[in-house]
Amino acid sequence: MIRVLLADDQLLVRAGFKALLDAQPDIEVVAEAGDGQQALAAVREHRPDIVLMDIRMPVVDGLVATRRITGDPALSGVKVVMLTTFELDEYVFEAIRSGASGFLVKDTEPEELLRAVRAVVDGDALLSPGVTRRLIAEFAARSKEPASADAFSGLTEREREVMALVGIGLSNEEIARRLVVSPLTAKTHVSRTMVKLGARDRAQLVVLAYESGLVRPGWLG
C-alpha cells in the first residue's frame, strides 16, 4: 500500500486528489495539511511514502518544508513531489535542489497523477522534458567550475556513463537501449551510483551530474 500525504492550502485541490487516490486499491491518503508547518508535523506522525506538496503555502512554504523533510535522516524514506500551477514554475529548480523527487502540475490528467505517484515510490524522478530543459538552463546559469574528478573516484566507468545518461534525462529503458543492456541491469547501475554518491533519487543524481561538470549543457543529443 502506497501511503500519501497531501499538502495544499486549497481544500478543493486536496479533496479532488484524495478522491482519486483513495479510489485506487494500492494507494491510501493517510493525512492532509493546509500549510507547510502542518505538513511537517503530519509527515513526522504518519511517515508517508510520498508527500504531494504545494510550493506556495502559508506559515511555512513548500520549499522550506521540503528541505526540512529531506534533511532529516529519520525521514529518509519519505519522497516529496511538488505541486505547481505552471510547468515552468520559477521555483522548480529550487524544489529539486531542496530534495524534491519531482513535480506535478495541478491540472495533470488523473492517469498521469497515479502513474507519477507509483513511479516516484519506485525510485524514479518525475521530471517532464520541459522541466528538464529548464533545469539544464538553470544549471548552466548557476554552475561553478566543475568538481575534481576525485569526486567520482568511487564510480566505475560504466557507472559514470550511466550517471551522464541520467543527467540528460534518459529513463532506465532508454539507458538500457543506449548501452545495449537489460532494463534491470540499467536500473542496478543507477541504484549503485545513487548509493555511492548518497543521492536520494534520480532527481538528485541529475543535480550532482550537472554541478560536478560530469554533464554539461548542450549534451542532450
Side-chain angles (χ1 to χ4, degrees), residues 1-2 4 24 26-27 49-50 70 73 76-82 87 92-93 95-104 108-109 111-140 143 145-221:
M1 202 71 170
I2 299 172
V4 179
Q24 308 307 307
D26 60 332
I27 301 175
D49 298 305
I50 182 171
T70 60
S76 61
V78 179
K79 305 286 188 182
V80 179
V81 171
M82 309 304 296
E87 181 174 281
V92 167
F93 175 83
I96 301 302
R97 287 292 306 274
S98 297
S101 295
F103 89 105
L104 279 172
T108 189
E109 293 293 326
E111 295 79 8
E112 177 64 17
L113 170 64
L114 297 174
R115 186 202 67 79
V117 167
R118 293 174 177 125
V120 169
V121 170
D122 284 340
D124 289 336
L126 194 62
L127 299 173
S128 75
V131 166
T132 300
R133 287 193 293 271
R134 177 174 175 82
L135 284 174
I136 290 169
E138 293 282 3
F139 283 127
S143 63
E145 287 299 311
S148 165
D150 290 343
F152 299 111
S153 60
L155 299 183
T156 65
E157 286 301 316
R158 178 47 61 92
E159 287 166 349
R160 291 177 187 235
E161 188 176 10
V162 167
M163 183 176 177
L165 295 175
V166 170
I168 63 173
L170 299 191
S171 66
N172 287 343
E173 290 74 16
E174 291 167 333
I175 291 172
R177 288 196 295 270
R178 182 75 66 92
L179 300 181
V180 195
V181 297
S182 72
L184 179 59
T185 297
K187 183 176 182 179
T188 298
H189 285 309
V190 171
S191 298
R192 287 177 178 169
T193 302
M194 284 170 28
V195 169
K196 287 183 178 181
L197 297 179
R200 284 176 59 92
D201 50 38
R202 293 175 79 97
Q204 290 295 292
L205 206 57
V206 172
V207 171
L208 290 171
Y210 278 92
E211 289 193 330
S212 68
L214 183 64
V215 178
R216 304 300 294 170
W219 288 14
L220 280 177

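A quick note: this is a predicted structure, and the numbers were derived from the prediction, not measured. The first residue in the sequence is number 1, and the count goes up from there.
Within the 4.5 Å cutoff, the side chain of Glu173 has heavy atoms near those of the Arg177 side chain. Residues Leu197 and Leu155 have side chains in contact (heavy-atom distance under 4.5 Å, counting atoms from C-beta outward). A heavy-atom distance below 4.5 Å is found between the side chains of Thr156 and Lys196.
Only one option out of Arg158, Glu159, Met163, Glu157 pairs with Glu161 in a side chain to side chain contact (heavy atoms under 4.5 Å, CB included); it is Arg158. With Arg118 as the partner, the side chain to side chain contact (heavy atoms under 4.5 Å, CB included) test is satisfied by one option alone out of Ile50, Leu113, Asp26: Asp26.
Between Gly99 and Thr70, the shortest heavy-atom contact is O-CG2, 3.5 Å. The two residues Ala186 and Ile175 come nearest to each other via the heavy atoms CB-CG2, 4.0 Å.
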Subject >> Derivation of the side-chain contact (heavy atoms from CB on, under 4.5 Å) call for Thr193 and Val166 >> reply: CA-CA 11 Å; Thr193 302; Val166 170; over 6 Å; no
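From Leu165, atom CG reaches atom CG of Leu179 across 5.5 Å, with rounding to the nearest 0.5 Å.
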